[in-house]
Structure formats: structure tokens, C-alpha cells
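Here, residue 1 is the first one in the sequence, and each next residue gets the next number.
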Amino acid sequence: MFDDLIVVCRKCNKKVHPSELRRENQNSDVMVCSSCFNKAKDVSNSLEEIQKEISSSKEEKVKYYCEACGFKFTRNKSIANKSCPYCNKDAVKQANIKLVKEVKDM
Ligand SMILES: [Zn+2]
Ligand SMILES: [Zn+2]
């Protein structure tokens, strides 16, 4: 009788025997089937690796200069703030290689 008991995995909706169910993780009450449990473990491992990769590639910085005060600085590409950290004016331009050369020639 008990062997006929079937539960549905919250993740994949697969019908499994209750003995196959386990907690998704230590902090979760969500019960998932063993295959989802193993998948979740793999995902959290690879997520950590991906996040490491992101944080190392995050160092892609862009050179900027301020037209108002001439202040030059580098900032993460992802930061959308366009105001100068020195004079706070909204006159910041992205300094591409050409411009830097021009400035040097002057
Ligand atoms: Zn599942
Ligand atoms: Zn400035």
C-alpha cells in the first residue's frame, strides 16, 4: 500500500516515490526528486565558477576624461554614471585611443 504512494517533484513535476525526495538544499523546505537534487548541486558548483569568471572579467575598465576639468579616470564599463568624480559635471567623455594620442601630440 505504502509502496504505491507517489509524490510529484516540485521542480520537474516528475512522479517519484517519496523515498527519492530530498530537500533541495539545507536552507530550503522544497522537496525535489533525487535527479533534481543532483542537478541543483551541479548548478551551484558551476554557478560559483561562473561568478568567479565574471568577477575576473569585470575588470574591463574604460578610460574617461572630463571635458570640464580635464580629470582623467578609469571606470568599470558597467557603471552608467556619466558625471565626473572630480567636479561632478556631466561632461565626461569616453577617452578612446585616438583621443589619447591627440592629447599627447598636443
Ligand atoms: Zn525533479
Ligand atoms: Zn570634471
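Contacts of Ser46 classified as side-chain hydrogen bond (donor to acceptor under 3.5 Å, both in side chains), with partners at least two apart in sequence or in another chain: none.
For the pair Pro85 and Phe71, the minimum side-chain heavy-atom distance is below 4.5 Å. Residues Ser35 and Lys14 are in side-chain contact: their nearest non-hydrogen atoms beyond the backbone lie under 4.5 Å apart.
Taking CZ from Phe73 and SG from Cys84, the interatomic distance works out to 5.5 Å, rounded to the nearest 0.5 Å. From Lys63, atom NZ reaches atom OG1 of Thr74 across 8.0 Å, with rounding to the nearest 0.5 Å. Taken to the nearest 0.5 Å, the SG atom of Cys9 stands 10.5 Å off from the CE atom of Met31.
Minimum heavy-atom separation, Pro18 to Leu5: CD-O, 3.3 Å. Contact detail for Tyr65 and Lys72: the closest heavy-atom pair is CB-CG, 3.9 Å. The two atoms that bring Cys36 and Val32 nearest to each other are CB-CB, 3.9 Å, heavy atoms only. Here the closest non-hydrogen pair linking Lys93 and Glu67 is NZ-OE1, 3.5 Å. Scanning all heavy atoms of the two residues, the minimum distance from Val8 to Lys15 falls at CG2-CG, 4.0 Å. Nearest heavy atoms, Cys69 versus Cys66: N-SG, 3.4 Å.
Under the 4.5 Å side-chain heavy-atom criterion for grouping Ile, Leu, Val, Met, Phe, Trp and Tyr, Leu21 is not connected to Val30 through any hydrophobic cluster.
Every pair passing salt bridge (charged side-chain N to carboxylate O under 4.0 Å, His left out) that includes a residue from residues 18-33 is listed here, sequence neighbours excluded: Lys11-Glu24, Arg23-Asp29.
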